[in-house]
Amino acid sequence: MVPDSGRQYLAIPGPSALPERVLGAMHRAAPNIYEGDLIEMAAGLVPDLNAVARTRHQVAIYIANGHGTWEAALANVLAPGDKALVLATGRFGKGWGDMAAGLGAEVETIDFGLQSAVDAARVEERLAADAGHQIRAVLAVHVDTGTSIKNDIKTIRAALDATGHPALLMVDCIASLACDAFEMDAWGVDVTLAASQKGLMTPPGLGFVWFGPKAADVRRQMKPVSRYWDWQPRTEPAVFSDLWNGTAPTHHLFGLREALDMIAEEGLEQVWARHGLIARAYWAAFEAWEAGSDGLALNVADRSCRSHAVTAVSCPPPMATKLRDWVFENAGVTLGIGLGMAPMNDPAWHGHFRVGHMGHVNGHMALGVIGAIEAGLRALNIPFAGSGAAAAATVLSGAAS
Ligand SMILES: *Cc1c(COP(=O)(O)O)cnc(C)c1O
């Protein structure tokens with residue numbers, strides 16, 4: 001048990017740190033679900049959610065975590081036997097594909113490994129070979145939270161366009177929305193997914209599926225659609241409860257309302273810029289330590305393919321576990337476990353960890369985590385070179401990028 005001697009910081013890639021404002025907005029008596037504040041407030045969520053995803057289309061809100069949105073999105077556009085092409089850059093692409101397989105879809109996966117982004121040339125080649133247009137949907141993950149790889153969604157759209165392929169482009173933005181730049185309409189994305197507990201700074205429990213006109217058409221042609229996941233009544237509600245297929249997620253909605261206000265007050269592009277700056281501060285720290293270390297390394301070498309919301313790191317096992325334990329016990333910081341990099345019962349599992357820097361994060365939180373890691377490296381006699389804390393401070397000062 002760690003004594004309650006100061007603020008604890010959960011620096012993992014979801015759930016992310018909760019702003020006091022969000023907690024405060026949720027701290028209220030059970031609201032009236034027939035009339036009043038809740039009903040009036042809920043109507044305003046849609047345009048603000050659309051603004052965050054940069055779309056003019058529609059959004060269905062579910063009482064669900066990210067896995068629920070995977071199923072919600074698929075249930076509206078893929079019938080059993082339909083083919084989906086999954087572009088995997090880590091555990092989350094594979095997981096979504098597995099969800100599709102569980103719903104009876106025929107799933108083909110192109111695996112780009114754990115350290116590089118989707119290669120659109122390979123996608124284009126595969127789509128070009130699908131002359132009969134058997135592939136109904138391409139499933140991509142914007143940021144794979146296990147590997148911290150960020151994929152260039154525009155190049156995947158370009159592969160579909162170059163081949164004139166009609167498949168829907170479906171993108172999991174659960175780890176990237178309101179962290180990394182994303183433009184649903186400008187990038188030609190048909191279906192976008194997100195969940196409340198990452199960049200949206202709200203407790204886990206709300207899932208979002210945005211869909212454009214092409215996906216809406218596919219949904220209209222589907223024969224049976226799960227009543228619960230059906231996005232149609234949720235976006236064309238006859239009564240308030242249609243929005244949620246039952247009772248509204250009352251307190252979560254007040255929390256989300258506050259989080260969307262915070263994003264609007266800061267400005268979405270400033271939110272993206274802040275995540276970029278904080279991410280570069282973390283990279284500078286790890287790159288400084290990496291130089292003189294014995295195998296401590298960022299997972300993704302190419303900066304343009306790195307997430308601004310999460311950073312995956314590898315090191316000789318069992319160093320990752322020792323370091324996570326040290327910073328938790330001595331500095332009140334919880335770092336993320338490695339995910340999808342090695343099996344859990346394998347000693348190699350102890351050679352991977354992640355830092356989440358999504359949502360409610362600022363310079364002092366990043367410097368605190370970086371300083372705690374540096375202290376941990378020293379305490380555990382792990383070799384490293386220059387000061388990561390100094391390198392991060394230099395980035396935050398604006399003197400380096
Ligand atoms: C977190 C995450 C998920 C899963 O979300 P849960 O809420 O844990 O079900 C799926 N995809 C990505 C990219 C994620 O980051």
Side-chain angles (χ1 to χ4, degrees), residues 10-18 52-53 61-75 84 86-103 109 111-112 114 117-118 137-153 156 169-182 184 189 191-210 229 249 252 255-256 259 275 279 299-300 305-312 334-341 352-359 361:
L10 188 67
I12 72 173
S16 62
L18 289 170
V52 173
I61 305 175
Y62 298 90
I63 299 182
N65 62 11
H67 283 69
T69 67
W70 279 348
E71 180 154 345
L74 296 167
V86 172
L87 310 179
T89 53
R91 149 125 177 207
F92 288 91
K94 287 187 185 146
W96 195 11
D98 194 43
M99 184 73 84
L103 291 169
T109 303
D111 191 346
F112 296 90
L114 299 175
V118 167
V138 174
L139 274 48
V141 177
H142 188 206
V143 162
D144 191 293
T145 324
T147 56
S148 69
I149 293 168
K150 176 165 67 187
N151 290 302
D152 186 345
I153 301 303
I156 301 171
L169 176 56
M170 304 176 70
V171 182
D172 170 344
C173 289
I174 296 171
S176 56
L177 197 86
C179 302
D180 278 281
F182 176 79
M184 177 170 171
V189 174
V191 177
T192 301
L193 331 174
S196 51
Q197 79 271 28
K198 302 199 181 181
L200 293 176
M201 309 180 286
T202 301
L206 293 179
F208 311 97
V209 178
W210 290 262
W229 295 126
H252 274 72
L256 176 68
H275 280 82
N299 186 50
V300 184
C305 302
R306 287 183 192 159
S307 158
H308 289 174
V310 52
T311 296
T334 303
L335 298 173
I337 58 169
L339 204 58
M341 301 298 294
H352 301 275
F353 70 96
R354 294 171 301 156
V355 187
H357 35 93
M358 46 177 55
V361 286

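Residue numbers start at 1 and run along the sequence shown. Atoms within a ligand are numbered from 1 in the order they appear, just like the ligands themselves. Hydrogens, waters and symmetry mates are skipped; everything else that's a heavy atom, side chains included, is used.
For atom 11 (N) of ligand 1, the closest heavy atom belonging to the protein is Asp172 OD2, 2.7 Å. If you check which protein heavy atom lies closest to atom 3 (C) of ligand 1, you get Phe92 CE2, 3.4 Å. The closest protein non-hydrogen atom to atom 8 (O) of ligand 1 is His67 ND1, 3.9 Å.
Checked by atom type and distance alone, the side chain of Asn65 never pairs as donor or acceptor with a backbone atom of Gly205 at under 3.5 Å. Under a 3.5 Å cut-off, the side chain of Asn299 and the backbone N or O of Thr147 do form a donor-acceptor pair. Side-chain atoms of His142 never come within 3.5 Å of backbone atoms of Phe182 as a donor-acceptor pair (strictly under, hydrogens ignored).
Distance check, rounded to the nearest 0.5 Å: CG of Asp144 to CD1 of Ile149 gives 6.5 Å.
Cation-pi contact between Lys94 and Phe112: absent, since separation from the ring centre below 6.0 Å together with deviation from the ring axis within 45° is not met.
Within ligand 1, the atoms closer than 4.0 Å to a non-hydrogen atom of Trp70 are 10 (C), 11 (N), numbered from 1 in the order shown. Residue contact check: Thr145 has heavy atoms under 4.0 Å from atoms 12 (C), 13 (C), 14 (C), 15 (O) of ligand 1. For ligand 1, the atoms closer than 4.0 angstrom to any heavy atom of Val143 are 13 (C). Against a heavy-atom cut-off of under 4.0 Å, Lys198 is close to the following atoms of ligand 1: 1 (C), 2 (C), 3 (C), 14 (C), 15 (O).
Here the side chains of Met99 and His67 are in contact, with some heavy-atom distance below 4.5 Å. Contact of the Pro203 side chain with the Gln197 side chain is not registered, since no non-hydrogen atoms from C-beta on lie closer than 4.5 Å.
Distances shorter than 4.0 angstrom do not occur between any heavy atom of Trp96 and any atom of ligand 1. For the pair Val310 and ligand 1, no heavy-atom separation below 4.0 Å is found. Within the 4.0 Å heavy-atom cutoff, Gln197 counts among the residues contacting ligand 1.
The option with the heavy atom closest to atom 5 (O) of ligand 1, from among Gly66, Pro15, Ala309, is Gly66.
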Inset, instruction - Might you work through the side chain to side chain contact (heavy atoms under 4.5 Å, CB included) test for Phe353 and Ile337, ending with a clear yes or no? - result: CA-CA 5 Å; Phe353 70 96; Ile337 58 169; over 6 Å; no
